[in-house]
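Below is one structure, written out as structure tokens, with a few remarks after it.
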Amino acid sequence: MRPVRMRSAVALLATAFLLVVGAGSASAASWVGLGDSYAAGPLIPNQSLSPLGCLRSDHNWAHLASAQLGRSLNDVSCSGATTDDMFASQSVTPGPANPAQLNAVTTGVQTVSVSIGGNDIDFTGILEDCVSASPFGHPCQDQYDPGGVDQLAARIAATAPKIAAVIQGVHTRAPGARVLVVGYPAILPDTGSGCWPQVPLAWADVPYLRGVEKGLDTMLAQQAAANGAVYVDAYAPSIGKDACKSSGTRWVEPLIPGNTAAPFHPNARGMAGIAPYVAAAAS
């Protein structure tokens, strides 16, 4: 997903204290990794230089899963990406633009993994907008579901055909490839009212936002099934490892990270936890 207001600070942090590594050669790659920041792994060491602004880690789940299977990987995922950036270049700072991600998908590719859609509904921005100085009330629902008209459900519905277009774009470029659509892990606890102020969302808003994320994942699963792709559920294995848990347990960081990762994004433990499910789906 998109680290929206945090992008400049995150990029500076990445430059300041993460090891920088060059990207591997795209030639003869049997696996292509596509997607947004949940695929890329912002701030998780080591960060790629091509371009640095994509905040792409060599320890994201695509790297770990492809290595587990002995596959060569061309990872072109990029933080902030939307479905539009699968088809057109994406401006990032610092560094040159990230080329259209689907350009990396060619006839000989065997596996394509993609995690996309969160930025199309601006889920990270929604979480930031819903941050509350008080655990009382329901300011998030007041903003996004006024009068019973759920704007976020509408965003998810509008994103569905875009996900289908991405999957079909992969099939067109690599007809023999196995396409993996990887969902989003649990940011909030699967039950209850959250953990204000560690994740500073009003208690009444937590079930609503949990439902939004589950709705997004459900849509991704439906589009994968309808378009000849395999859905990889990252939510179920991450239950109990959400941003409300301790720094030594959680897979996703809270607003103020305790591990080297972007706020409301997977940490290295989360990437390592998701990777076996991706590898199993690719086998």
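Please read these numbers as outputs of a predicted model, since none were measured by experiment.
With ring centers used as reference points, His138 lies 6.0 Å or more from Tyr208.
Salt-bridge annotation for Asp190 and Lys214: present, with a side-chain N of the basic residue lying under 4.0 Å from a carboxylate O of the acidic one. Using a cut-off of 4.0 Å between Lys/Arg side-chain N and Asp/Glu carboxylate O, Glu253 and Arg250 are scored as salt-bridged.
Here the side chain of Arg56 pairs no donor or acceptor atom with the backbone of Ser79 at under 3.5 angstrom. Between the side chain of Asp145 and the main chain of Val149, a donor-acceptor pair closer than 3.5 Å is present. In terms of modelled atom types and a separation under 3.5 Å, the side chain of Gln101 and the main chain of Gly35 share a donor-acceptor contact. Side chain of Ser113 to backbone of Ala62: no donor-acceptor contact under 3.5 angstrom is found. The backbone N or O of Leu201 lies less than 3.5 Å from no partner atom in the side chain of Asp205, so there is not a single donor-acceptor pair.
Shown are Ile116, Val170, Leu180; of these, the side chain to side chain contact (heavy atoms under 4.5 Å, CB included) with Leu34 is made only by Val170.
Ring geometry for Tyr38 against His265 counts as tilted: the plane angle lies between 30° and 60°, on a 0 to 90° scale.
The line from CG of Leu127 to CD1 of Ile187 is 5.0 Å long, rounded to the nearest 0.5 Å.
Counting only N and O atoms by type, the side chains of Ser132 and Trp196 include no donor and acceptor under 3.5 Å apart. Between Asp36 and Tyr184, the side chains place a donor N or O and an acceptor N or O closer than 3.5 Å (distance only, hydrogens not considered). Gln90 and Asn98 are not linked by any side-chain donor-acceptor pair at a separation below 3.5 angstrom, with hydrogens and angles left out of the test. Between Ser247 and Asn259, the side chains place no donor N or O within less than 3.5 Å of an acceptor N or O (distance only, hydrogens not considered).
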**OP:** Could you walk me through whether Arg71 and Thr111 pass the side-chain hydrogen bond (donor to acceptor under 3.5 Å, both in side chains) test, one step at a time?
**Re:** CA-CA 9 Å; Arg71 309 269 186 87; Thr111 304; 2.9 Å; yes
Original post:
Are Trp31 and Ser72 close enough, and set up right, to give a side-chain hydrogen bond (donor to acceptor under 3.5 Å, both in side chains), and what steps lead you there?
Top reply: CA-CA 6 Å; Trp31 184 317; Ser72 56; over 6 Å; no
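No path of Ile, Leu, Val, Met, Phe, Trp and Tyr side chains, each step under 4.5 Å between heavy atoms, connects Tyr235 with Phe264, placing them in separate hydrophobic clusters.
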